[in-house]
K.L.:
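Okay, here's the structure, questions in a sec.
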Protein chains: 2
Amino acid sequence: MSGGNPAISQTAIRCLEVLQAVSDHGRANSRKGLALKDVVEKTGFNSSTAYRYLQTLEQYGLLQKDASGLYKLGLKVVELYHAFTDGNDLRQVAYEHMLALSKETEETVYLGILDGLEVFYIERVDSPLPIRPHTQIGGRNKLYCTGLGKAILSQRPDLLNRIIDVGLEPLTANTITDPERLIAQLQECQVRGFALDDMENESEVRCVAAPLFNERRQVTAALSISGPASRMPIDRLVDDLGPKVQVTAQHISKMLGYIDA
Amino acid sequence: MSGGNPAISQTAIRCLEVLQAVSDHGRANSRKGLALKDVVEKTGFNSSTAYRYLQTLEQYGLLQKDASGLYKLGLKVVELYHAFTDGNDLRQVAYEHMLALSKETEETVYLGILDGLEVFYIERVDSPLPIRPHTQIGGRNKLYCTGLGKAILSQRPDLLNRIIDVGLEPLTANTITDPERLIAQLQECQVRGFALDDMENESEVRCVAAPLFNERRQVTAALSISGPASRMPIDRLVDDLGPKVQVTAQHISKMLGYIDA
DNA sequence: GCAAGCCGTTTCATTTATTGAAATACGAGT
DNA sequence: ACTCGTATTTCAATAAATGAAACGGCTTGC
């Protein structure tokens, strides 16, 4: 190869591309796994090579063959996930508070963390009600048009310019695309203590979110309550749910070692 | 290298060994991550090599650096886990039943699947009570001395000889090490429909478990209720909890497409 | 019942990326 | 400023990855 970073293993990365292909497939088409030929198609690798990678991943347990001999994600994934959560204070302490908050409000509660210029959804507690949002854990969304994102952004002026430079792409009719308006709203959110998302990321979904502070008073995560617009009139968000997320977020922040000024 | 399977990528496997080292460390010592030198120590790789692997895993998102620059598991792990659960009917279907069962009994409910000659713990719903078992999700246990294992084994005579050949190592004073007794108990379990674990895997923990049947009438998974011996006298297990796990297991089996004879 | 075709698997000479010793850069502690 | 312990980069030697081709098994069609 030519330019690539020399401190990266080509072979290992290609192998992980195979893993990704299988993972992506699971998400999209669910049900059945991928055959060797599918992996060859998706990745463009030579079939011997793809074969070897599949064998390797299977041996390690990241992949396994399903009943029909197709490859799908393996048990090692579960093992790694639980090792991850064991070492992840934030998720640990937040989870029980999220359960309580969801129970109290009967709505879906999300925990998101800052990852680059996006929010990464790290945990969710579902609403008991039949109609509820379906954002994927393990997925990502923009900072400027989600409750979680704006809650984080309101405390992280350092990110604001980068976000605006990249551009505010509208995702729904309500997405804020005017930088001035975004800035104004973030200031409002800073004062009030929680952020609103009025169908800016997905139509029919509204959301309130509050930032989480760690022991160094930094914000890299937020908590939100989210639900169908029909159950979420703006005044319920502002008067009822907003204060509730905020209080819960404060509790969690305290557990994380944040000391109120 | 000399003998190794030629259909396995050495490089990729070595890279995954580094991932494992970081993962293992997280479990054992929690808190902080691993430095390059630690990885070098643990794996014995040359530092340039280990460095390249760490870079590779970090770039892919399986690892990330924590605040102090040490490596820990990254967000890709969460992404993969949720792709895994999306494509995993069993866990999906079982989970809500597990929630209900845990709520009703106020005890911890486990879901385990057969993996080789062990049970792999795939999901858990914790008891609300303060004293509760702590078996790790993503971990493994023996078939012959756990409720889950015996529930599976009672329906899988094909595995029995292999288990006995390997040997019944005692893990507690109560572990059954006599093959005859084990066989007798499995038959009893087959008749009654659920298996008991009377502190055979861990002292102070008792458990009842029932097998889960899939659409092809095979058993590769089981459901259990488990708790401290103090709250779990044998007659509660037999008269109350046992029938409850069994009924729940039957519901789940039905959802999985199992048709009762 | 035979042939053709498709896919997974193995082989092996060629090519390429990996390797590791050593040089270098960095940073904390003194 | 110097030292020590790490992290990072360099580069020639080398071991491992690659891919074309051959093989084998299984299904499909005639």
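The analysis underlying the following values was restricted to heavy atoms, covering all of them including side chains, and did not include hydrogens, waters or symmetry mates. Protein chains get the first letters and strands the later ones, always in sequence-line order, with residue 1 at the start of each.
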K.L.:
When the distance from CD of A:E41 to C1' of C:dG8 is rounded to whole Å, what number comes out?
P.N.:
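To the nearest whole Å, that distance equals 15 Å.
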
K.L.:
Please report the interatomic distance NZ(A:K32) to NE2(A:H25), rounded to the nearest 0.5 Å.
P.N.:
10.0 Å

K.L.:
Rounded to whole angstrom units, what separation is found between the CG atom of A:L70 and the C1' atom of C:dC7?
P.N.:
12 Å

K.L.:
Can you check whether A:R52 has a side-chain N or O nearer than 4.0 Å to OP1 or OP2 of D:dT18?
P.N.:
yes

K.L.:
Quick one: is C:dG8 close enough that its OP1 or OP2 comes under 4.0 Å of any side-chain N or O from A:Y71?
P.N.:
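So the side-chain polar atoms of A:Y71 never come under 4.0 Å of the phosphate oxygens OP1 or OP2 of C:dG8.
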
K.L.:
The criterion is ring-ring contact (aromatic ring centres under 6.0 Å, His included); which residues satisfy it with B:F213, sequence neighbours excluded?
P.N.:
B:Y258

K.L.:
Given atom CG of B:L34 and atom P of D:dA7, what is their separation to the nearest angstrom?
P.N.:
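Rounded to whole Å, this separation is 11 Å.
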
K.L.:
Heavy-atom nearest nucleotide on DNA chain C for A:L36 versus A:T11: which residue maps closer to 5'?
P.N.:
A:L36

K.L.:
Expressed as a whole number of angstroms, how long is the span from A:L54:CG to D:dA17:C1'?
P.N.:
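Atom-to-atom, A:L54 to D:dA17, this comes out as 16 Å.
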
K.L.:
For the helix from C:dG1-D:dC30 to C:dT30-D:dA1, what angle separates the axis at the start from the axis at the finish, each from five pairs, in steps of 10°?
P.N.:
40°

K.L.:
To the nearest Å, give me how far apart CD1 (A:I8) and P (C:dT16) are.
P.N.:
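Rounded to whole Å, this separation is 21 Å.
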
K.L.:
Starting at CD of A:E17 and ending at P of D:dT18, how long is that distance when rounded to a whole Å?
P.N.:
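Taking atom P of D:dT18 as the reference, CD of A:E17 is at 11 Å.
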
K.L.:
Can you check the B:K65 NZ to D:dT6 C1' distance for me, whole Å?
P.N.:
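B:K65 atom NZ is separated from D:dT6 atom C1' by 11 Å.
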
K.L.:
If you define the side chain from C-beta out and look only at heavy atoms, does anything of A:E169 sit under 4.5 Å from A:K142?
P.N.:
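Counting from C-beta outward, A:E169 and A:K142 never come under 4.5 Å.
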
K.L.:
Under the side-chain contact (heavy atoms from CB on, under 4.5 Å) test, which residues partner A:E96, sequence neighbours left out?
P.N.:
none

K.L.:
Look for any protein N or O under 3.5 Å of an N or O in nucleotides 21-28 of chain C and output each such pair with its distance, or none.
P.N.:
residue: C:dA21; atom: N6; partner: B:S48; partner atom: OG; Å: 2.6

K.L.:
Name the nucleic acid region contacted by A:Y53, choosing base, sugar-phosphate or nothing; use a 4.0 angstrom heavy-atom cut-off, strictly under.
P.N.:
sugar-phosphate

K.L.:
Do B:Q20 and A:Y60 have side-chain atoms, one donor and one acceptor, less than 3.5 Å apart?
P.N.:
yes

K.L.:
Could you grab the distance from atom CG of A:L90 to atom CD1 of A:I113, nearest 0.5 Å is fine?
P.N.:
7.0 Å

K.L.:
Give a yes/no on whether any side-chain N or O of A:Y51 is located under 4.0 angstrom from OP1 or OP2 of C:dG8.
P.N.:
no

K.L.:
Decide yes or no on side-chain contact (heavy atoms from CB on, under 4.5 Å) for A:L54 and A:L34, but give the supporting numbers first.
P.N.:
CA-CA 10 Å; A:L54 286 168; A:L34 274 190; over 6 Å; no

K.L.:
Under the rule for ring-ring contact (aromatic ring centres under 6.0 Å, His included), what residues qualify as partners of B:Y110, not counting sequence neighbours?
P.N.:
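With sequence neighbours excluded, B:Y110 shows a ring-ring contact (aromatic ring centres under 6.0 Å, His included) to B:Y121, given in chain and number order.
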
K.L.:
Given atom CZ of A:R14 and atom P of D:dA17, what is their separation to the nearest angstrom?
P.N.:
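Atom-to-atom, A:R14 to D:dA17, this comes out as 10 Å.
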
K.L.:
Tell me, please, which residues at least two apart from B:Q64 pass side-chain hydrogen bond (donor to acceptor under 3.5 Å, both in side chains).
P.N.:
none

K.L.:
Within less than 4.0 Å of OP1 or OP2 of C:dT18, is there a side-chain N or O belonging to B:T49?
P.N.:
no

